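What follows is a short report on a single structure.
We name chains A, B, ... by the order of the sequence lines, and we start the count at 1 in each one. Nothing here was measured: the structure is a model prediction, and the numbers come from that model.
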2 protein chains.
Amino acid sequence: MKTDALTGIAGILRKNTYKMTPQRRAVLEVITGSHDHLTPQAIYRRVQKKYPAIGLVTIYRTLEILADLNLVCRVHAEDNCRSYLMRRPNGHHHHMVCKSCGEVIDITGCNLDELEQRLSRETGFKIDGHLLEFNGHCRACLDRGENDNEQR
Amino acid sequence: MKTDALTGIAGILRKNTYKMTPQRRAVLEVITGSHDHLTPQAIYRRVQKKYPAIGLVTIYRTLEILADLNLVCRVHAEDNCRSYLMRRPNGHHHHMVCKSCGEVIDITGCNLDELEQRLSRETGFKIDGHLLEFNGHCRACLDRGENDNEQR
DNA sequence: ATACCAATTGAAAATCGTTTTCAATTAGAA
DNA sequence: TTCTAATTGAAAACGATTTTCAATTGGTAT
Ligand SMILES: [Mn+2]
Ligand SMILES: [Mn+2]
Ligand SMILES: [Zn+2]
Ligand SMILES: [Zn+2]
């Protein structure tokens with residue numbers, strides 16, 4: 001199944017005058033192989049294990065292309081405004097982030113259609129999409145004593 | 001009224017072992033005097049007009065303190081993941097951003113309470129807040145020819 | 001009013017993530 | 001195999017933010 005997905009993506013790349021390279025294959029394997037969202041740096045570290053010679057620049061460039069082709073999504077968290085990257089989600093979803101431990105939970109079933117329609121009607125905007133993110137404290141952190149240990 | 005607000009804030013600062021300085025006063029005047037959200041740089045430029053000797057570091061430090069004291073809010077946009085700063089909002093609200101021209105419209109009346117309760121029940125999370133942002137194209141940009149001119 | 005000291009300031013350097021430049025390499029069509 | 005546009009990594013450039021540090025200052029206690 002992994003092979004199938006990659007050859008499919010290879011086709012999409014070729015169709016857009018991009019080439020499938022070993023580096024890009026390595027990046028794709030890391031991204032599709034992880035359930036979590038990964039920063040460019042995190043992806044870099046993981047890819048290096050299989051492909052030590054790869055450059056961080058290549059990660060950035062590859063991610064940009066993949067995002068443009070809608071094969072991966074860009075996200076960003078609240079705290080450090082660093083831009084995060086995530087693998088292609090299984091459909092539309094959002095995130096709930098624990099302020100203490102940083103755990104990320106995927107959220108489905110946001111229905112903002114009514115709101116979007118109202119806004120569109122009132123402002124004339126054509127709304128393409130939205131970013132929704134909840135923050136708070138997870139069960140585990142709540143139990144283990146609320147305050148203190150904010151993750152930097 | 002301006003004086004009142006500032007002396008009030010001065011009290012809050014003092015209560016937290018912070019001092020009210022001319023620099024901080026200048027920053028506060030800029031922030032409270034603008035309806036828009038401002039980047040640290042934008043605030044810097046404006047403050048400089050009244051207080052040319054101020055350093056950019058002071059802007060950052062002041063904003064961090066004000067945010068910690070909940071006197072201003074942190075926000076961040078979709079595109080460039082730069083962290084934006086906004087003046088204290090007149091209540092809970094969100095943003096709609098035009099991908100073409102960058103215009104930001106304030107949104108009120110998001111009712112995510114039901115969703116938050118459901119999520120809280122299902123996951124055990126204690127939800128503190130949320131970030132919601134719509135993106136699309138504003139009326140003006142739509143009229144002036146859809147595609148192309150994406151802002152850098 | 002004066003003294004005092006922790007808090008504050010700005011300049012400069014350091015950091016961090018990201019982008020640009022460029023010459024050498026390579027994927028893949030012909 | 002040949003050919004060429006696309007890709008690569010190193011290094012430098014970049015822009016935003018943070019840290020360091022010595023000099024200054026706000027505000028409280030005398
Ligand atoms: Mn997700
Ligand atoms: Mn606003
Ligand atoms: Zn947690
Ligand atoms: Zn617009």
Nearest-Å distance, [atom1] ([X]) to [atom2] ([N])?
| X | N | atom1 | atom2 | value |
| --- | --- | --- | --- | --- |
| A:Ile59 | C:dT19 | CD1 | P | 13 Å |
| A:Gln48 | D:dA10 | CD | C1' | 14 Å |
| A:Tyr51 | D:dT7 | OH | C1' | 11 Å |
| A:Leu13 | C:dG28 | CG | P | 9 Å |
| A:Tyr60 | D:dA12 | OH | P | 19 Å |
| A:Leu6 | C:dA27 | CG | C1' | 16 Å |
| A:Glu64 | C:dT18 | CD | P | 11 Å |
| A:Ile43 | C:dT18 | CD1 | P | 11 Å |

**Fill in**
Contact check, residues 14-25 of chain A vs DNA chain D, heavy-atom distance under 4.0 Å, returns A:Thr17, A:Tyr18, A:Lys19, A:Thr21, A:Gln23, A:Arg24
Nearest of [options] to any side-chain atom of [X]?
| X | options | value |
| --- | --- | --- |
| B:Arg61 | D:dT17, C:dT9, C:dT19 | C:dT9 |
| B:Gln41 | C:dT20, D:dT18, D:dA16 | D:dA16 |
| B:Leu56 | D:dT18, D:dT17, C:dT20 | D:dT17 |

So, using side chain to side chain contact (heavy atoms under 4.5 Å, CB included) as the criterion, who are the partners of [X] when residues are at least two apart?
| X | answer |
| --- | --- |
| B:Gln41 | B:Thr39, B:Arg45, B:Leu56, B:Tyr60 |
| B:Arg61 | B:Val57, B:Thr58 |
| B:Arg118 | B:Leu115, B:Arg121, B:Glu122 |
| B:Leu69 | B:Ile12, B:Leu13, B:Asn16, B:Tyr18, B:Ile65, B:Leu71 |

**Prompt:** Which residues pass the salt bridge (charged side-chain N to carboxylate O under 4.0 Å, His left out) test with B:Asp128, sequence neighbours left out?
**Reply:** A:Lys99, B:Lys126
**Prompt:** Under 3.5 Å, is there a donor-acceptor pair between the side chain of B:Arg24 and the main chain of B:Lys19?
**Reply:** yes
**Message:** Strictly distance-based, threshold 3.5 Å: is any side-chain N or O of B:Ser34 a donor or acceptor partner for the main-chain N or O of B:Val30?
**Reply:**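 Not confirmed, B:Ser34 side chain does not pair with B:Val30 backbone.
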